[in-house]
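Here the structure is laid out as structure tokens; the discussion comes afterwards.
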Amino acid sequence: MTDPIIDLVETAIIPDVFISGMADMENLGDGNFRCIFYSRQRAIYERGKFEHVIVCRLVMSAGAAHAMLKQIAHAVERGSDNTDSIGFPGGALQ
């Protein structure tokens, strides 16, 4: 069974955020989770060192987290042959 394709609307410019990894996932209760993502970069004040800067906090329901994990697993399985939109055919999230 596949989820129906939904129409997406972007009423303002939403910037892409590059992440190097996920630092933590917190259970907020009531079926909600917060994911904290970071990007590894050269330290601003310590020459030759690196730091991990928080670039995004994402709060989502358990259902959304489960759906995201399935989509990521599917994209990783497909590899980088079709990179229009994380590996899904036709460039659409499904």
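- Residues passing the salt bridge (Lys or Arg N to Asp or Glu O under 4.0 Å) test with Glu51, sequence neighbours excluded: none.
- Looking at Glu10, its side chain does come within 3.5 Å of a backbone N or O of Ile14 through a donor-acceptor pair.
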Which side-chain N or O atoms in residues 27-34 pair as donor and acceptor under 3.5 Å with protein atoms at least two apart or in another chain?
| unit_1 | atom_1 | unit_2 | atom_2 | d |
| --- | --- | --- | --- | --- |
| Asn27 | OD1 | Gly29 | N | 2.9 |
| Arg34 | NH1 | Glu26 | OE2 | 3.3 |

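- Nearest heavy-atom pair, Arg57 versus Ile36, reported as atom, atom and distance to 0.1 Å: CG-CG1, 4.1 Å.
- For His66, there are no ring pair (Phe, Tyr, Trp, His ring centres under 6.0 Å) partners at least two apart in sequence or on another chain.
- With hydrophobic clusters built from ILVMFWY side chains whose heavy atoms lie under 4.5 angstrom apart, Ile19 shares a cluster with Met22.
- Two residues are said to be in side-chain contact when any heavy atoms from C-beta on lie closer than 4.5 Å; Leu58 and Phe37 meet this criterion.
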request  = Please test Met68 against Met60 for side-chain contact (heavy atoms from CB on, under 4.5 Å), starting from the C-alpha separation and ending with a verdict.
outcome  = CA-CA 10 Å; Met68 182 177 74; Met60 67 181 97; 3.6 Å; yes
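- Checked against Val9 for a side chain to side chain contact (heavy atoms under 4.5 Å, CB included), the options Ile6, Asp7, Thr11 give a single hit: Thr11.
- In the hydrophobic clustering, Leu69 connects to no other residue, as no ILVMFWY side-chain heavy atoms lie under 4.5 Å from its own.
- Considering all non-hydrogen atoms of both residues, Ser39 and Ser20 come closest at CA-OG, 3.5 Å.
- Applying the salt bridge (Lys or Arg N to Asp or Glu O under 4.0 Å) rule to Arg40 yields no partners; only residues at least two apart in sequence or on another chain are considered.
- Nearest heavy atoms, Phe18 versus Val55: O-CG2, 3.7 Å.
- Cluster partners of Tyr45 are Ile44, counting Ile, Leu, Val, Met, Phe, Trp and Tyr whose side-chain heavy atoms approach within less than 4.5 Å, directly or via other members.
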